[in-house]
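What follows is one structure encoded as structure tokens, with my remarks underneath.
Both ligands and their constituent atoms are indexed starting at 1 by order of listing. Atoms considered below: every heavy atom in the structure, side chains included; atoms not considered: hydrogens, waters and symmetry mates.
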Amino acid sequence: MTRPDISELNPRNIVAFIGDIFERRGAESYLGEQVTMSQHMLQGAQLAENADASDELVAAALLHDIGHYTNEFPEDALEQGIDNHHDEAGARVLERFFPSIVTDCVRHHVAAKRYLCATDGSYFGKLSDASVHTLNLQGGPMTEIEAADFAANPNLKAIVQVRYWDDEGKDPAVETPDFWHYAPLLQRVVDNHCKPAA
Ligand SMILES: [Fe+2]
């Protein structure tokens with residue numbers, strides 16, 4: 001599809017817009033992992049779907065790394081989000097169309113790794129080598145005060161769950177449906193969030 005400018009990006013075309021990004025950019029590598037970006041995000045969505053997660057959590061697992069592609073989004077949607085922090089940038093471009101439980105999972109998926117390293121003794125051992133490497137760049141495990149602050153987020157449970165799927169969705173042997181399998185689900189989430197107030 002032709003890339004719409006900001007005035008044309010709306011609840012009717014946002015899902016196709018994201019799908020176009022998956023199709024054109026999905027084959028790019030994922031930070032030293034054995035899977036591509038789209039394999040990784042689709043595996044996250046499949047794990048969520050297999051766990052009978054809500055539409056919102058499947059959407060969050062599917063879109064958690066969309067911030068890696070934020071240069072695809074119209075500039076003024078990003079003006080406060082471009083700082084190379086892909087978690088924050090991803091959340092900012094989604095928040096016009098998706099509810100806060102989705103954008104919180106996207107926004108905090110990197111912090112959730114730092115949180116779990118501080119609070120779950122067995123978690124660090126489950127991280128991939130690439131994820132351990134980025135953990136250090138991302139600030140290492142949270143301090144006790146940071147972790148307590150993070151735990152106050154009302155969406156903590158969802159954020160942590162999406163993080164587990166994020167960590168698990170890195171298996172090159174796993175096959176998934178393509179992006180379009182999830183398009184109706186994404187549209188439901190968008191429609192539900194963007195419907196006019198009664
Ligand atoms: Fe990820």
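With the Fe ion (ligand 1) as the vertex, atom OH of Y30 and atom NE2 of H64 span an angle of 170° (nearest 10 degrees).
With respect to the Fe ion (ligand 1), D166 has OD1 as its nearest N, O or S atom. Looking only at N/O/S atoms, D65 comes nearest to the Fe ion (ligand 1) through OD2.
In this structure, K113 and T134 have side chains that are in contact, with non-hydrogen atoms separated by less than 4.5 Å. Side-chain contact between N153 and I159: present, with at least one pair of heavy atoms (C-beta onward) separated by less than 4.5 Å.
Taking 2.8 Å as the criterion, H40 counts as a coordinating residue of the Fe ion (ligand 1), since one of its N, O or S atoms falls below it.
Y123 and R163 share a donor-acceptor pair across their side chains, judged by distance under 3.5 Å alone.
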Quiz prompt | Check against side-chain hydrogen bond (donor to acceptor under 3.5 Å, both in side chains), Y69 and E28 | solution = CA-CA 11 Å; Y69 305 115; E28 292 176 14; 5.0 Å; no
